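For reference, the structure discussed in these notes is given below.
Computed from a prediction, not measured in an experiment: that's the story for all the values here.
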Amino acid sequence: MNKNIKILFFCRKNCNFSKKMFQELKKNFKKITRVISSEPNKKIPKKIHKWKGHYILSFRSFYILPIKLIKQAKFAAINFHPGTPKYRGIGCVNFAILNSEKVYGSTCHLMTKRIDNGKIIDVRKFNIKKNDNIKTILKKSYNFQFKQFKKIINKIKNNNFNLNLMIKKSKQDKWSKKIYNRGDLNKLYKLNSLVKSNDLKKYLRATLTNKFRPYFEFDRKKYFLNYEKK
């Protein structure tokens, strides 16, 4: 174990995979700073801006890291994105289902000042099954991200993390030009007459969960669809 390696780990509150990743880090490294995020649009704690070390690792974090902090990682700042390079931004799984994709996955990449834009290190893919939904696809994606995470930290621990080689092996993987934002996702969840009856099943599969539900507006009020768990 390299006791001198300093890692800054961004993750999400009440996320089992975030907890599993942190446990892996604790098993392999001594100097770990964990930053837990709970909701969007919050500022990174001031003391974190003073951090300087070797690696930044980010999984499901709501925080958007400033370039100054990213550069304070001596070797690499790495994000684990729950989607293939074809789907950048947020709500990627929703739009993948809506677009009838047959394949989905996860992407490990360097962090830059732009979201989902840095050089790609590793991509894992899996087939989307007919009975898959948002929850099952995301769970598969998180499992793949966890495998990517373990691969990265094992390389760091064993002093064989060759960033240039990993980038070279993934050179065939390219980010798409389209990046989905919060406005795209909000628009998706607003029901309107453009949703055709033969597309309704696919639309609901791409939007409806026990936490997030499509809605329509009438007389300045929102009416949400009910979620019935079978």
Side-chain angles (χ1 to χ4, degrees), residues 2 5-12 15-29 32 34-35 53-61 63-65 67 69-71 73-93 95-96 101-128 132 136-180:
N2 191 332
I5 292 292
K6 294 177 66 177
I7 295 176
L8 180 60
F9 178 50
F10 287 89
C11 60
R12 185 174 296 194
C15 170
N16 289 331
F17 282 94
S18 291
K19 293 175 183 177
K20 286 172 63 177
M21 289 178 177
F22 183 58
Q23 291 303 317
E24 287 295 318
L25 286 173
K26 289 202 300 182
K27 283 194 302 183
N28 292 286
F29 306 101
I32 309 159
R34 179 172 57 163
V35 185
H54 301 93
Y55 296 92
I56 295 175
L57 304 176
S58 180
F59 171 76
R60 297 196 71 202
S61 176
Y63 291 124
I64 298 176
L65 275 58
I67 190 63
L69 179 57
I70 290 172
K71 288 182 176 180
K74 184 176 180 180
F75 298 128
I78 300 169
N79 183 50
F80 297 85
H81 173 65
T84 57
K86 184 176 180 179
Y87 287 91
R88 301 168 59 202
I90 65 172
C92 299
V93 65
F95 292 104
E101 296 289 351
K102 302 298 182 184
V103 175
Y104 199 67
S106 60
T107 304
C108 178
H109 66 94
L110 295 181
M111 301 176 73
T112 67
K113 63 181 179 181
R114 296 176 60 194
I115 296 174
D116 300 338
N117 182 70
K119 291 182 178 179
I120 295 171
I121 298 173
D122 185 61
V123 177
R124 302 276 181 110
K125 296 179 180 179
F126 56 84
N127 293 327
I128 297 177
D132 271 329
T136 59
I137 294 173
L138 280 179
K139 186 175 181 180
K140 290 178 185 179
S141 181
Y142 296 156
N143 273 309
F144 274 60
Q145 287 173 282
F146 182 60
K147 291 177 182 178
Q148 289 173 312
F149 188 87
K150 289 182 68 174
K151 177 182 176 181
I152 293 294
I153 64 172
N154 282 333
K155 286 182 177 294
I156 293 173
K157 179 186 69 174
N158 296 319
N159 295 316
N160 65 349
F161 180 74
N162 189 328
L163 183 59
N164 290 330
L165 180 61
M166 295 183 75
I167 291 172
K168 186 177 180 181
K169 287 183 177 180
S170 300
K171 65 180 181 180
Q172 74 278 4
D173 296 302
K174 305 291 183 183
W175 290 112
S176 66
K177 292 182 180 180
K178 169 67 179 176
I179 181 166
Y180 294 96

Practice task
Measure the spacing between CG of Asp173 and CD1 of Ile167 and express it to the nearest 0.5 Å.
Solution key: 12.0 Å
Problem - Ile78 vs Ile56, side-chain contact (heavy atoms from CB on, under 4.5 Å): CA-CA, chis, key distance, verdict - result: CA-CA 6 Å; Ile78 300 169; Ile56 295 175; over 6 Å; no
Problem - Side chain to side chain, Pro85 and Lys174, heavy atoms closer than 4.5 Å - result: no
Practice task
Answer yes or no: is there a donor N or O on one side and an acceptor on the other, between the side chain of Ser170 and the main chain of Ile121, under 3.5 Å?
Solution key: yes
Exercise for the section: Could you tell me whether Lys20 atom NZ has more than 12 heavy atoms of other residues or ligands within 6.0 Å of it? Expected result: yes
Exercise for the section: For residues Phe75 and Phe161, establish whether the separation of their ring centroids is below 6.0 Å. Expected result: no
Problem - Donor-acceptor contact present, side-chain Asn117 to main-chain Lys113, <3.5 Å - result: no
Practice task
Among Gln148, Arg124, Gln145, find the one that has a side chain to side chain donor-acceptor pair (under 3.5 Å) with Ser106.
Solution key: Gln148
Fill in the blank from the handout: Value for CD1 (Ile70) from CG (Leu65), rounded to nearest 0.5 Å, stands at 5.5 Å
Practice task
Find out whether Leu57 and Leu25 are in side-chain contact, i.e. whether some heavy atom of one side chain is under 4.5 Å from a heavy atom of the other.
Solution key: yes
Practice task
Could you tell me whether a side-chain N or O of His54 sits under 3.5 Å from a main-chain N or O of Lys6, the two making a donor and an acceptor?
Solution key: yes
Problem - Lys139 NZ/CZ over Tyr142 ring centroid, <6.0 Å and within 45° of normal - result: no
Completion exercise
On a heavy-atom basis, the closest approach of Cys92 and Tyr87 is SG-O, 3.4 Å
Practice task
To the nearest 0.5 angstrom, please state how far the CD1 atom of Ile7 sits from the NZ atom of Lys26.
Solution key: 13.5 Å
Completion exercise
Closest heavy-atom pair, Leu110 versus Ala76, reported as atoms and distance to 0.1 Å, is CD2-CB, 4.0 Å
Completion exercise
When rounded to the nearest 0.5 Å, the distance separating CG of Asp116 from CG of Asn79 is 6.5 Å
Fill in the blank from the handout: Which of Arg88, Lys119, Arg114, Lys86 passes side chain to side chain contact (heavy atoms under 4.5 Å, CB included) with Trp175? Answer is Arg88
Problem - Distance in Å, Asn28 CG paired with Lys150 NZ, rounded so as to fall on 0.5 Å steps - result: 9.5 Å
Exercise for the section: Flag the pair Ile152 / Tyr55 as yes when at least one side-chain heavy-atom distance between them is below 4.5 Å, and no otherwise. Expected result: no
Problem - Within 45° cone and under 6.0 Å: Lys140 NZ/CZ vs Tyr104 ring - result: no
Problem - Full working for side-chain contact (heavy atoms from CB on, under 4.5 Å) between Arg60 and Phe17 - result: CA-CA 9 Å; Arg60 297 196 71 202; Phe17 282 94; 5.8 Å; no
Problem - For the student: nearest non-hydrogen atoms of Gly105 and Ser141, plus distance - result: O-OG, 3.1 Å
Problem - Within 6.0 angstrom of Ile115 CD1, more than 12 heavy atoms from elsewhere - result: no
Exercise for the section: Check the surroundings of atom NZ in Lys125: do more than 12 heavy atoms from other residues, nucleotides or ligands lie under 6.0 Å from it? Expected result: no
Practice task
Return the orientation label for the His109 and His81 ring planes: parallel under 30°, perpendicular over 60°, tilted otherwise.
Solution key: perpendicular
Practice task
Kindly say whether the aromatic ring centers of Phe149 and Phe9 come within a distance under 6.0 Å.
Solution key: yes
Practice task
Could you tell me whether Ile67 atom CD1 has more than 12 heavy atoms of other residues or ligands within 6.0 Å of it?
Solution key: yes
Practice task
Could you walk me through whether Phe126 and Ile137 pass side-chain contact (heavy atoms from CB on, under 4.5 Å), step by step?
Solution key: CA-CA 9 Å; Phe126 56 84; Ile137 294 173; 4.1 Å; yes
Handout entry: Spacing of Cys108 atom SG and Lys151 atom NZ [to the nearest 0.5 Å]
Key = 8.5 Å
Problem - Worked verdict on Met21 versus Phe146 for side-chain contact (heavy atoms from CB on, under 4.5 Å) - result: CA-CA 7 Å; Met21 289 178 177; Phe146 182 60; 3.8 Å; yes
